[in-house]
Structure formats: structure tokens, C-alpha cells
Visitor: 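Attaching a single structure in C-alpha cells format; questions to follow.
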Amino acid sequence: MTDLMEITSSVHIEMDRMGGKSAAIARLAKAGFKVPRSIVITSDVYDSFVEVTGLRGRILFELGRKDIEGMRWEEMWDTALRIRNFFLTTPWPSSLRRRLETFITGSFKDSQVTVRSSAPDEDSTKNSFAGIHESLVNRNGIDSVMDAIKLVWASLWSDRAMMYRRELRLDFTKSSMAVLIQEFIDGKKSGIFFGVSPNSQNLSVVESVYGLNQGLVDGSVEPDRWTVNRETGAVESHLASKRSIKVAPSKGGGLTTVELSEDEILSPPLNSAEVETVFRNGTEAEKLFGLSQDVEWTFSGDEFIFLQSRPITTNALDPGDERLWYRSLKRSLTNLRKLRKKVENDLIPQMIKTAEELADIGLDSMSDSDLAGEITRRTQILKNWTNIYWAEFIPFAHAVRLFGQFYNDALKPKDPFEFVSLLVTKDMLSVQRNRLLQEASRKISNFQADESRILGITARNAEFRELIDVYTREFQEFSSVGMELENIEENLLELFSEFSKIPDRSETGVETSSSLEEDVFLSHFSGPALEEASELLELARFSYRLRDDDNIYLGRLESRLRSALKLGESRLAAKGAAIKGSRLPEEIAEALRGKQVDWVSSKVETPAPKESYRSEVRQLRGQPAGGGFSSGLARVINASEDLFSFKVGEILVCDAVDPNITFIVPLCVGIVERRGGMLIHGAIIAREYGIPCVTGVADAASAIHTGDYVTVDGFLGIVTLERN
Amino acid sequence: MSGSPADTTDNGASEQSDKFWSMGKISMEIEHLAEYKGSVHFEKHGHVRSVPDIVGELNSLFSTQNLAVLATSGKTGPYGNLVAFIAGPDLKYLVFATQKATRKFGNLLENPLVAFVIDNRSNKIDDFINAVAVTAMGKAFEVDSGEKEKLLQSFIDKHPHLKDFVSSPSCALVKVEIEKYVCVFRFQNVIELYPKND
């Protein structure tokens, strides 16, 4: 039975089958170092599982949806979530299950274990997968361990792992995964050892926390830090942390955060003898492996135990490395909690306040040079907020992802995106606005006995007049539409009449998103897990709403810039200045300051080379983001005018649906979007209205033309075109 | 949170956002703007294959594949079989050979509209990612004496072992002028290529 191995002093080391992490533990064990009792489920078992169950084909099929090089990270995450769910929902072949259960319970009886990834291509000197694959600490009971094995296997296909492999140009269709199962050690103090400090070749680094080191590794618990002279072993510095919490095993399995005792807060987790023990073991491991090591360790009582050891990578990540950003996408609950506070209490209110302050500034009375200054200032403000959007809001989207995984782990639903229905809330700004618009269209249909007289009737009707005013303001606010006032009125009326042609839709998912589903979800948990579940749901809802609303707030800031730009342009035009080309804000500001501006001419289109062929797209594959199957004429949205030309029954085709254009969605019978993802606005709104939707369609807005007859298969993620 | 996204956004974002002002639809692009950063720093976007790419793929497919599935139709309905083929320059035509008493030749006389399927499947599971399949549709006619020598030589160059067969007086060399190629990549991405006939 060589596909299941026990790590003993006589184990035969096979890197390819047991993976880097297991091989390192095996070498340490053979050399007499103390490691936890460990067994290895070799990569042969993974291979046979995916082969026998047909999963290998399903994974390849999922990956084949799109060239991996061309996937956005959101699409990767969606793909990862689907694959993860394949693993969770694919039953074990019964003989394999029996064999594994016998082996695992034979090794550990009923004690808790930690289940770690041990991929053959990880932890080499060149590639560090530290923190990329999954490790599940403190699993209790054989069923939970068996699930953990699947989750570790699935982490081979996590978004981070795929992006990482893509970056390293590893062939991930050949990837495999061994699993290291270790006796869980409830260490009272734990930490890491870094053989060579990133800052100095002469120093080693010891970091330590009370309790388990997961908090240290994921950054939620700040460690005490020592530097030790590599030559002499003398401690050169100790940086104490503000100790407050530790990570400890949770009763039912898994981990929890606990407040430190008074004593723990006052004294560092390691005394000087213990720092020395860590240093000695770390440097001996370096001798054994012939390379400086990055060690995770713990103390069981007074005994030092190696949990894992890997070489320090030669291509260590420098701070500008993009891979750091991939890692930043994984957020712990603690971290997300903090981020939410910042986003909700600071950033969003600041954004709203800034927009309001800008609105209060009377531009008309400004001198030209003041107006120029204001344009420059508003441009800068918008750029700053766009940066914040990237650095804070996008990572916060991980709350939705964390919740999705949590939901799927607990409920193992057939549809891995089932959880989304729990997230849609009525208070999303775009939903509110869309409701306003629909309400008005209903009213207009009452007036609509004679369509040709709409304008006349509405003009006479005071109530209606008022409604139109409200809308005009709304659309000014959501300025992406960017139209002149009088045009908006006219266009809105036209749009209203389209709306009134929609057959009455039954109430949308937004209305029915019930607390019942929430109850069903929460009924799967009890005790601390229940608390975690409700907190995560709450966080995820906030994150989901933010994803919609933050765009709208940004839209307001843009609107303020736009009004300054418009005024600037009209003043310049009044002076007879020829404004042309790309009309950059800086150019307009400069011109207002009375300076000579070389208007950057509009982009020069290079003529397409003459070809003796012509190609036409017939079918495109994307992600099935909203179920359903429908056909109609395409309306490609490239500019605001396209929005108002939208006719009921058309297929909405665009590069990226954003909340500012979702108001036309009720008119369409299908959505095709270039940008990919299951949680993007187009997908969200499509599911809300039950409209077939395919996202992640390469070049959608250019490959499809307005007027093409398009069929949207939202079940399979396929778009088919017939060109007239 | 590392500082890297915010640090690196500045240049990319400002360049791109400047372009947005000019497009007069700024906020529509905000989300896009974030993604733009992604596209530059982290991701390469997928695109529909360009004409030169497709032509390259077809040329390489046609030079590596010896056999095509030929579909004809006649009184007894549709009929399919394997034939050795060559592709003409600029992909304007495909040529195959058949003995004149065959069912396919009979079908051609009745209905010259035919289709080929040419693919590079390996009969392994990763065909769904890697295999390319092309359906060529066009009109068939027997090569006349003017062209025969040249096409015969090209045919023999690619299929030397069929020299005796194709040189026999009972064998017809059939040229199919292609109206379009329906090219399937990654199982479900389909692009049609029309060779421009003069």
C-alpha cells in the first residue's frame, strides 16, 4: 500500500509522490528531529480519485472555458469555486473511502489532526507556495478529515493557486496534490523561524505568538520578533508586540480567537532559552537541508516541534511583486472586520461628504483661473478615490468569496452560486433607482391610451411633471449618461414608453429574497459556528452591496468633475477657442489659465492591413452567469445614446455593465458582457430579473454588432450569432 | 494589505482615466478602470482570434492532418467518409481524390455542395481544451486537365504513398472551392473564416 505512507525514521522519501512539505517532514524525522505523528496521502490517491470519478475531465472542461491567460481574477475565482464544489459534491469511491478511513483512524485513533497540502511542485527553492494552498487545522472526526482532504485537493485549483502557477508558467493541467495529515498539537506558544533575515545576511529571525501560529501566518495576530546573529547565536534585538489575542483550537474543531491572560500580555511568548532553542533547531535544519529554512514550529510543553520546514526561496517576493497582491485577496475574518469598519465608517462617509462639498461650490461665480484650479483639484480627488477603490474596496469583495466557501462547505449545494440569493438586499442604490423608474413607467402606461400624445399629456400633468424632474435629477447624479438636460427629458420619455411595453413581470428576486432562506442557512450551525455564520453573512451582504454602491458614489465624484469641465468648455467656446481631440481635464484647465494648448489629437486609427480573408464570429463561450435561453436583436452599448435607443426585447451587449446603466436591464431579454464573473453587476442584475446572462465573452462589444441576431444560452454560457 | 496596488495604480490609472474623459462616459468606466489595472499588471485579456491567427492555425492544421471527413449527400441521404486531402494556397480550395465508382463520387455528381471536417483530436480528455476542429463548406468539381498536373503533384508531395492510386485513369481529382471555414476552438468558440474569392 505505497500510496498511503506513514512518516517514520525509516520512511523512503519520494518527493514526486509525497510532495515538498511531506518530504521535508520525512527528512527531519529521519534525522531525529521532533515532528508530529504524520501520514501522507500521496498524489497517487489524488490522481486515482480524479480519474475514477471523472473529475479530471470536469476540471479540464471548466478550465477550458477560456484561455487561462485571458481570465480576470474574478473569473478565476468563479472557476475555482466551481471546481471546489466538484470536489465537495463528488462522493468517494467506496473502496477508496474504506481504505483511507482505516488508515487514518489506525494512525490517529480519534485525536484531532491537521490536514495540510503537500503539492509536488510547492516548496521548492524556486517557487514558494507558502500560503497558497489550503491547510485545515484541528479537524475532528473522520468525516471532517475526509472532507478536509477534498478541500486540500481542491485548493490546487484555488484562484490564488491558479494565478500563481500561471505567473510561474507551470503547467497546471498536470498538477497533482499529496496531503500531509499530522496529529494536531495544541501548542501554547508557536511561531516561525527565518534562517536569513530579508534585511540582513547575518541575522536570523524568530517570530512568536501565544497559542497556534495561524494568527501569525495570516497576519491577524502580531508576533514578538527577535533577530539572532547567525554566527554567534546571540540575540541582537527583540521587538515586543502589543499582545492581546491568540489563536486556539475551537471545541467542535477549527480555530478561534481568544483574549490573552494578564500574564501573557505582560511577558513575551518566548524566554531567552526558548529563543535559543528555536534558533538552534532552525540552524540544524539548515545544515540538514543545505539551505536556509523557513520553519513553522510550536512548543508542546517544553518540547520544540517542527510543523513544517521549507527552503527560503531564491526569488523572494519583493514588495512590488504582483503575487503579493494575489495573496492580499485572501482575507481572514478578522482582517475583513477591520476593513469593513474602515470602509463603512470612514471611506464611504468621506466619499459622500466630498461629493456634497463639491456640489455646494458655486462654479459659475469663479474666475477662469479659479475654475482651472477646481478642475485640477477635482481630477485629483477622483484619481485618489479610484486608488482607494483598488486598494480597499476590491479586496473587501473577498468577504463575499469567504462567505461563498463557507456556505458551500456547510451545505454542499448543487449550484455553487446558490449563496448569492442570500446576499441581494433591497437597499442597493441601483435597485432603488430601478424601482423608481419602473414605477414611473407603470404610471406612464396609464396615460398611454394614445401613445402619440404622451408628451402633451405629461406636460399638462403636474404630478407627472414632478416625476420627470425627479428623474432628471437622478440621471444627472448618475452622470455616466452625461447628457444635456433637455435631451434627458426627451430621452427619458422615450424610454418610459419602452418600459410601458414590458409585460408585467412578477415581483423580482429582490422582493422575495426572504428571511426563510437565511433561517435555513443558519439552521446548519450552532454555538460559536452559528455566530461566525451570521457574522460572515452580514459581512458578505455589506460587501455585496458595497460592490454596487461604491461605483455609484464614484459616479457622483465624476459628475462633479464633469460639471466643472462642461462649464470650462463652454467658457472656452464662448471665447472662440477651438477645443478638439481628447479634451483632457488638464488641457481644459490650461486653456482656462490662458495658456496655449496643443490639443492632443484624437487617437489615430491605424488602417487595418488588407486581407484576403474575412472572419465572422459564430459562437462565443463565456460563463453561465444567469440561467435561461433567449434570442433577440443585439443592442451594443458603446455610448450613452445607445442606452436611450434601447428597445424592449433586445439583447444587451456591452463591455461591462455597471450599476449606472442597469436601469435598462428590465427592457432586455438577455445580457452579454465582455467582463467575466458571476458576482459582477451584470450577473447580479440578470439573476435579479431572471434574464439569461453570459459574462466573460471575449471582445463581446466589438465582435457583436447592433442588429445581429443573438441567442444567449445562460445555462451553458454560450452566445450564438447570426449576422444579416 | 501590501501597499503595492495603491502604489502602482497611479500611472496606469491616470493614463487610462485621461482617455475616459474624452470618451464622455467616465463613470461607466470606473469599474473598468480598476480592471484596467488588472489587465496591465496582473492579467492578459482574452481576445477573439484574429484573422491572421486563424489562417495560421488552419495552415498548420491542414499540413499536419492527412485525412478529412468528407460529407456528401445524395438520394440515400447524407453520407460521410474519410479522404486524404490537400489544401490550396490562401485556403481557397481543398482537393481530394476518389475512384469514380464510389458512392461519394456519385453523390457529387448529384449535389456538388459538400462539407469537410478536419481536426486534430488526440482522443484524450484534454481535446476539449486543445483540439481544433474545422468544418469546410464549399462546392466540388472534378479537376480539369488544365490544372490537373500541378494539383496532382501537390497531392503526391503530401501523400507519396497514394501516387499509384491518384494517378490511375479511374481516379478523379476533386477540387472543392471553399465558401467558408467554420473553426471551433476550445470546444465552443466558433469563428467563421471566408476566403475571399476573386
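Residue numbers begin at 1 in each chain, while the letters A, B, ... track the order of the sequences. If you're wondering where the values come from, they're calculated on a predicted model, not measured in any experiment.
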Visitor: Would one find more than 12 heavy atoms of other residues, nucleotides or ligands at under 6.0 Å from atom NZ of B/Lys139?
Guide: no
Visitor: For B/Ser145, check side chain to side chain donor-acceptor pair (under 3.5 Å) against everything at least two apart and list the hits.
Guide: none
Visitor: Count the heavy atoms belonging to other residues, nucleotides or ligands that lie under 6.0 Å from CG of B/Asp164, then report whether that count exceeds 12.
Guide: no
Visitor: For B/Lys163, does the NZ atom have more than 12 heavy-atom neighbours from other residues, nucleotides or ligands under 6.0 Å away?
Guide: no
Visitor: Heavy atoms, side chains only, cut-off 4.5 Å: are B/Ile125 and A/Phe61 in contact?
Guide: no
Visitor: Under the salt bridge (Lys or Arg N to Asp or Glu O under 4.0 Å) rule, collect the residues that match up with B/Arg49, sequence neighbours excluded.
Guide: B/Glu57
Visitor: Determine whether a donor-acceptor pair (N or O, by modelled atom type, separation under 3.5 Å) exists between the side chain of A/Tyr613 and the backbone of B/Ile54.
Guide: no
Visitor: Under 4.5 Å from any heavy atom of chain B, what part of A/Ile718 do you find: side chain, backbone, both or neither?
Guide: side chain
Visitor: Side chain, backbone, both or neither: which part of B/Val55 has an atom under 4.5 Å from a heavy atom of chain A?
Guide: side chain
Visitor: State whether the number of non-hydrogen atoms from other residues, nucleotides or ligands found under 6.0 Å of A/Arg723 atom CZ is greater than 12.
Guide: yes
Visitor: Could you grab the distance from atom CD of A/Gln619 to atom CD of B/Gln188, nearest 0.5 Å is fine?
Guide: 6.0 Å
Visitor: To the nearest 0.5 Å, how far apart are CZ in B/Arg186 and CG in A/Leu63?
Guide: 9.0 Å
Visitor: Determine whether a donor-acceptor pair (N or O, by modelled atom type, separation under 3.5 Å) exists between the side chain of B/Asn189 and the backbone of A/Leu620.
Guide: no
